[in-house]
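Following: one structure in C-alpha cells, then a few remarks.
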Amino acid sequence: MMEWALAILFGAAILLLILSFSKTKQSQKAAKQELEQFSISIMEEVYQLQKKMREFELDAEISENEKGKQSVSPKQRILMREVLDLHKRGYSMEGIATETELTENEVRLLLTPYLEDERRKVANDS
C-alpha cells in the first residue's frame, strides 16, 4: 500500500514538472511576442521622428531660400518640400516629375534656387 502511494506521488511530481516546463515555454513565448511588439512600435516612432526632422530641415531650407521673396501657400510649401526631398534623395528631374505629377520644366523651375545654392557651396568648398 505504501509503495502505491509513493508511486502515485512520484507520478504526480513528474506530471507537475512537465506541466511547469510547458507553462514556462508559454510564458516565454508571450514575453517574446510582447518584446517584439514593443520593438516594432519603437521603430515606428523613430521613423516618424526622422520623417518630421527631415520635414523641418526641408522647411528651414525653403524658408532660408525664400527670404525677401513673397511667401508661398501651405500647399505650395508641401509640394516644394516633396520636390526638394526627392532631389536630395537623388531622384532625377524626370523621376521627380513622375512622382509629383509635374512637368520636368516645372520641377526645374522649383529647384533652380536650390541647385544654385548647391553650386555655390561646392565652389566655396573647393
Side-chain angles (χ1 to χ4, degrees):
M1 187 66 141
M2 186 73 146
E3 292 99 22
W4 283 103
L6 204 53
I8 291 173
L9 286 175
F10 187 70
I14 291 174
L15 184 64
L16 288 173
L17 184 64
I18 292 170
L19 186 62
S20 170
F21 280 130
S22 71
K23 288 290 183 184
T24 301
K25 282 186 178 183
Q26 287 176 354
S27 67
Q28 284 177 343
K29 282 183 183 178
K32 186 177 179 181
Q33 286 176 341
E34 199 173 302
L35 183 61
E36 286 175 358
Q37 196 65 27
F38 180 72
S39 176
I40 290 170
S41 69
I42 292 294
M43 287 175 20
E44 286 174 351
E45 287 181 31
V46 167
Y47 171 76
Q48 291 301 324
L49 285 172
Q50 287 174 335
K51 186 177 172 185
K52 281 290 184 196
M53 284 180 59
R54 189 171 58 244
E55 287 176 3
F56 284 134
E57 290 169 354
L58 293 170
D59 281 344
E61 191 170 343
I62 292 168
S63 295
E64 179 70 28
N65 207 321
E66 290 177 349
K67 282 185 180 176
K69 298 178 186 175
Q70 183 180 358
S71 63
V72 295
S73 71
K75 213 174 197 181
Q76 288 172 316
R77 182 174 283 277
I78 291 169
L79 177 64
M80 188 64 230
R81 184 189 307 147
E82 184 179 358
V83 168
L84 192 56
D85 183 42
L86 292 170
H87 171 69
K88 287 185 176 279
R89 289 195 279 155
Y91 279 66
S92 67
M93 294 287 178
E94 184 180 314
I96 295 171
T98 302
E99 288 289 321
T100 58
E101 298 178 356
L102 297 171
T103 65
E104 282 186 55
N105 196 32
E106 290 171 322
V107 170
R108 204 175 319 289
L109 285 172
L110 285 171
L111 286 176
T112 298
Y114 302 95
L115 297 174
E116 290 171 0
D117 285 347
E118 287 176 4
R119 287 186 196 116
R120 275 189 236 129
K121 286 179 186 175
V122 169
N124 288 339
D125 290 343
S126 297

- Decide yes or no for L58 and K88: does some side-chain heavy atom of the first lie under 4.5 Å from some side-chain heavy atom of the second?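 Yes, close enough: below the 4.5 Å cut-off.
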- Heavy-atom check, side chain of L102 versus side chain of V83, under 4.5 Å: yes
Before accepting this row, confirm whether a basic side-chain N of the pair [X]/[Y] lies closer than 4.0 Å to the acidic partner's carboxylate O.
{"X": "K52", "Y": "E55", "answer": "yes"}
{"X": "D85", "Y": "R81", "answer": "no"}
{"X": "E99", "Y": "R89", "answer": "no"}

In Å, rounded to the nearest 0.5 Å, how long is the span from [atom1] of [X] to [atom2] of [Y]?
{"X": "I42", "Y": "I40", "atom1": "CD1", "atom2": "CD1", "result": "11.5 Å"}
{"X": "I8", "Y": "L15", "atom1": "CD1", "atom2": "CG", "result": "13.0 Å"}
{"X": "K29", "Y": "K25", "atom1": "NZ", "atom2": "NZ", "result": "8.0 Å"}
{"X": "E57", "Y": "R54", "atom1": "CD", "atom2": "CZ", "result": "9.0 Å"}
{"X": "L86", "Y": "M93", "atom1": "CG", "atom2": "CE", "result": "11.5 Å"}
{"X": "E106", "Y": "I96", "atom1": "CD", "atom2": "CD1", "result": "13.0 Å"}

- Item | Side chain S39, main chain L35, donor-acceptor under 3.5 Å |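 A pair under 3.5 Å: no.
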- With distance as the sole test, does T24 use its side chain to make a donor-acceptor pair with the main-chain N or O of S20 at under 3.5 Å?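 Yes.
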- Message: To check you understand the geometry: which heavy-atom pair defines the closest contact between Y114 and L84, and what is its length?
- Response: CG-CD1, 3.8 Å
Near [X] [atom1], under 6.0 Å, is it more than 12 heavy atoms from other residues, nucleotides or ligands?
{"X": "Q26", "atom1": "CD", "answer": "yes"}
{"X": "E36", "atom1": "CD", "answer": "yes"}
{"X": "Q48", "atom1": "CD", "answer": "yes"}

- Message: Apply the hydrophobic cluster definition, ILVMFWY joined by side-chain contacts under 4.5 Å directly or through others, and give me every member besides F10.
- Response: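 Hydrophobic cluster check, F10: joined to I14, I18.
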- Message: Using the rule that Ile, Leu, Val, Met, Phe, Trp and Tyr join whenever any side-chain heavy atoms are under 4.5 Å apart, tell me whether L17 and L9 fall into a single cluster.
- Response: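 Different clusters: L17 never reaches L9 through Ile, Leu, Val, Met, Phe, Trp or Tyr contacts under 4.5 Å.
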- Item | Criterion side-chain contact (heavy atoms from CB on, under 4.5 Å) against H87, the qualifying member of V107, L110, L115 | L115
